[in-house]
Structures are given as C-alpha cells and as structure tokens.
Protein chains: 2
Amino acid sequence: MPTDDAAPTSFDLDHFLPYRLNSLADRISQALARLYETRHDLSVAQWRVLAWLHHREQLTAKQIREATRMDKARVSRAVQALEDRGLIRRRPSPEDQRRHELRLTEAGLALLEELIPEARAWEAELVAPLSVDEYRQLFELMARLEGQLGRLEGE
Amino acid sequence: MPTDDAAPTSFDLDHFLPYRLNSLADRISQALARLYETRHDLSVAQWRVLAWLHHREQLTAKQIREATRMDKARVSRAVQALEDRGLIRRRPSPEDQRRHELRLTEAGLALLEELIPEARAWEAELVAPLSVDEYRQLFELMARLEGQLGRLEGE
DNA sequence: GGGAAATGGTTGCATATGAAACCAACAGGG
DNA sequence: CCCTGTTGGTTTCATATGCAACCATTTCCC
C-alpha cells in the first residue's frame with residue numbers, strides 16, 4: 001500500500017494507476033477491435049457474447065450480463081445483431097418464457113473457430129515481451145485489484 | 001511468451017488478457033469517474049486536461065493530445081467546457097496564432113488542490129491489497145506492454 | 001513573395017452506450 | 001385465484017465520442 005500521503009501538490013497522471021491502466025486497456029482494446037471489426041464486422045460486445053457462448057455452450061442474456069458486466073442494453077443489442085446475422089440462435093426458455101436461451105449456430109461456431117486463433121495469436125504477440133511468470137503475475141495482480149474493487153463497491 | 005499454441009477449441013475469455021485488462025480498467029475508470037462527476041461535475045477527459053495542466057503548467061491542445069492519446073475533438077471539447085467554467089484560461093500563442101496556450105486559473109488550481117488528494121486517496125484504497133513492490137511491478141509490466149503495443153502499431 | 005502543402009483546432013455527423021422507462025411473464029401473499 | 005411486486009429483456013432518450021470535413025494560420029519551396 002504505497003501511501004505517499006504527504007506530497008501536497010505535484011501530481012503526475014503517468015504515475016496514477018487508474019489513468020495508466022485505462023489508457024493501456026483502451027489502446028489494446030481498440031487495436032484488437034479493429035481486427036474484429038475490419039475482418040469480421042463484429043463489435044467488441046458481439047465478440048464477447050460469441051466467446052462466452054463458445055465457452056459455455058448455452059446461456060441467457062442475463063448470464064452473459066453477469067459474466068461480462070456489460071449493460072443490459074448493450075448485451076441485448078449485441079444479441080440481436082448476432083441473431084440477425086445468423087451467428088446465434090435464440091429461443092424462449094421452456095421453464096420461463098421471459099428468458100431466451102442463446103446458442104451458437106453452425107455459422108457462429110465456424111466463425112469462432114477462425115477468430116479464436118487470430119485473437120490468441122494477437123495476444124501472444126502483445127505479451128511477447130513478458131515471461132510466462134510475469135504473464136501469470138499480471139493476472140494475479142489484476143485479480144487482486146478486482147477483488148478489492150468488489151470490496152469497495154460492495155459497501 | 002506463453003504460447004499455448006495447440007489448444008484447438010476451448011477458449012475462456014477470463015484468461016484472455018485484453019478482455020480482462022479492459023474490463024478491469026473500465027470498472028476502475030467508471031468508479032472513479034463517478035467521483036469526479038458527482039462531486040465536481042467533471043468528465044474524465046476534463047479531469048485529464050486539468051491534471052496535465054497542473055503537472056506541466058502550460059500546454060497547447062496538441063501537447064495534451066499527445067500526452068493523453070485522446071482524440072483531437074475530445075480534447076477540444078474538454079478544453080472548451082473547462083474554459084466556460086473558468087477553470088482554465090486560453091490565449092493564442094504569440095508565435096503561432098493557431099495554437100492556444102492553456103493554463104489553469106486560480107479557480108482551476110483550487111479545484112485541483114481539492115481533487116488530487118481525493119484521487120490519491122481513492123487510488124490508495126484500490127491498491128491497498130498490493131505491496132509496494134507489487135505496485136511497482138504492475139507499472140513495470142504495463143510499461144512493457146505499452147512498449148510492445150507501440151512496436152506492433154508502428155509497422 | 002505566392003501558391004501548395006501541412007498543421008492546430010473546431011465543428012458536423014453517425015454511431016455506441018448507459019440510464020431510465022417500459023413491457024411481458026412469473027412469483028407469492030391475501 | 002387476483003393483485004402486487006419482481007425479473008428478464010427491449011426500447012427510448014440524452015450524451016459521449018471518433019472520424020472526417022472544414023477553417024485559419026503557418027511553412028515550404030519555387
């Protein structure tokens with residue numbers, strides 16, 4: 001816990017974690033988004049929905065919302081777009097007509113089988129300068145921050 | 001460089017760096033943005049402009065754009081809003097009439113003297129679960145990724 | 001010097017997004 | 001069973017933002 005408490009004035013954004021983190025994440029996200037968007041015409045939200053469906057097979061919008069922490073509306077729109085493109089199928093849940101069960105279609109699966117390796121390759125290039133250990137540590141640290149964030153929000 | 005090359009299908013977004021990083025950064029940024037916004041009615045862009053001006057004393061829009069990597073337009077609008085509120089002053093540069101020199105006003109400075117400690121305190125809470133060393137390492141790793149990103153973009 | 005290209009900054013436009021209102025289906029007391 | 005409250009999901013509205021066109025000034029080069 002670096003408490004540089006005293007320091008009265010001088011403030012450098014470059015040493016401010018939220019700023020640095022956000023600016024790095026934005027850059028990464030945008031670079032990657034270009035890849036999804038130009039090559040496959042997918043938004044980030046759409047890609048996330050697809051990826052989760054690939055991972056979990058069958059989900060409802062709510063579950064995706066919880067997994068990704070995206071806004072209701074954002075999920076809803078992504079789902080709609082994907083359905084329109086025939087990449088996912090959506091049918092009312094038998095036990096609750098409000099819910100819709102979402103699944104990949106064949107086309108969706110095919111697209112993902114193409115996309116995932118691309119994404120992985122891109123990530124690999126990005127993290128090339130990190131050792132395996134450093135890579136792991138980065139995740140560790142992020143997880144720790146997420147935990148703390150949850151604690152801070154949860155009160 | 002974790003090359004888990006083979007792995008044909010299974011893909012978990014939670015282990016995908018761009019996703020995790022972005023989602024963490026977004027959460028942090030939003031939480032903090034609420035602080036700026038509700039307490040001082042500042043957008044993130046505006047906060048960044050102010051913070052840089054606090055740090056560097058006098059800057060042009062372009063310099064801010066370079067420092068923050070924000071869009072021209074975003075900077076321009078933030079600057080305008082800040083000027084309207086009397087938090088910064090803007091005057092044409094003597095040696096180039098296109099440029100405007102930006103500076104904090106007294107009011108702007110006063111606001112920052114209030115805001116900066118708040119921001120610092122918030123950050124301190126966030127990173128409370130990290131040791132000083134881990135905190136440093138996190139910056140180190142982020143810097144490494146930024147470097148790589150630059151390399152990837154620059155070709 | 002004078003026209004072409006470059007540069008700092010602003011504005012118009014299209015799109016993405018979050019918040020809130022809304023709608024339909026379900027749950028639970030009375 | 002109704003009637004109220006809740007919940008999954010959609011839609012509407014206001015705002016933020018990136019891109020591109022634009023304007024004014026400066027610089028380059030002949």
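Keep in mind that what you see is a predicted model, and the values were worked out from it rather than measured. All chains are named by letter (A, B, ...) in the order of the sequence lines, taking the proteins before the strands, and each is independently numbered beginning at 1. The figures that follow rest on heavy atoms only: side chains count, while hydrogens, waters and symmetry mates do not.
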Worksheet item: Rounding to a whole Å, what distance do you find between B/Arg65:CZ and C/dG8:P?
Response: 7 Å
Practice prompt. Between A/Arg34 and A/Val79, name the one whose nearest nucleotide on DNA chain D is closer to the 5' end.
Written response: A/Val79
Practice prompt. Indicate the ring-plane relationship of A/Phe16 and A/Phe11, choosing parallel, tilted or perpendicular according to the 30° and 60° boundaries.
Written response: perpendicular
Item to complete: Grab the NZ-C1' distance between A/Lys72 and C/dG18 for me, whole Å please.
Response: 12 Å
Worksheet item: Given D/dT11, D/dG18, C/dA19, which nucleotide is nearest the side-chain atoms of A/Ser76?
Response: D/dT11
Response to the item:
side-chain hydrogen bond (donor to acceptor under 3.5 Å, both in side chains) with A/Arg90: of A/Glu83, A/Glu101, A/Gln80, only one passes, and it is A/Glu83
Response to the item:
Rounded to whole Å, the CD-C1' distance (A/Glu95 to C/dC26) equals 12 Å
Discussion item. Using the rule side chain to side chain contact (heavy atoms under 4.5 Å, CB included), only one of B/Val127, B/Asp133, B/Leu130 pairs with B/Leu138; which is it?
Written reply: B/Leu130
Item to complete: Take the protein atom CH2 of A/Trp47 and the nucleotide atom P of C/dA16, then report the distance between them rounded to whole Å.
Response: 19 Å
Worksheet item: Considering heavy-atom distances to DNA chain C, does B/His100 or A/Met70 have its closest nucleotide positioned more toward the 5' end?
Response: B/His100
Discussion item. Test side-chain hydrogen bond (donor to acceptor under 3.5 Å, both in side chains) on B/Tyr135 and B/Glu123; report intermediate values, then the result.
Written reply: CA-CA 11 Å; B/Tyr135 181 79; B/Glu123 186 202 21; 2.7 Å; yes
Practice prompt. Classify the nucleic acid contact of A/Thr60 as base, sugar-phosphate or nothing, counting any heavy atom under 4.0 Å across all strands shown.
Written response: sugar-phosphate
Worksheet item: With a 4.0 Å cut-off on heavy atoms, is A/Ala73 in touch with a base, just the backbone sugar-phosphate, or nothing at all?
Response: base
Worksheet item: Is a side-chain N or O of A/Thr68 found less than 3.5 angstrom from the main chain of A/Ile64, in a donor-acceptor match?
Response: yes
Worksheet entry | Distance in angstrom units between A/Asp96 CG and C/dA27 P, rounded | 6 Å
Worksheet item: Within this structure, what is the CZ-to-C1' distance between A/Arg74 and D/dT11, rounded to whole angstrom?
Response: 18 Å
Discussion item. Between the base of D/dG9 and the side chain of A/Arg77, is one N or O donor paired with an acceptor at under 3.5 angstrom?
Written reply: no
Worksheet entry | Separation of atom CD in B/Gln97 from atom P in D/dA24, rounded to whole Å | 14 Å
Response to the item:
Between CD of A/Glu37 and P of D/dG18 the distance, given in whole Å, is 13 Å
Worksheet item: With respect to the phosphate group of D/dT11, does any side-chain polar atom (N or O) of A/Gln80 fall under 4.0 Å of OP1 or OP2?
Response: yes
Practice prompt. State which of C/dA25, D/dC19, C/dG9 makes the closest approach to the side chain of A/Arg98.
Written response: C/dA25
Discussion item. By nearest heavy atom, map A/Asp26 and A/Arg99 onto DNA chain D; which one lands nearer the 5' end?
Written reply: A/Arg99
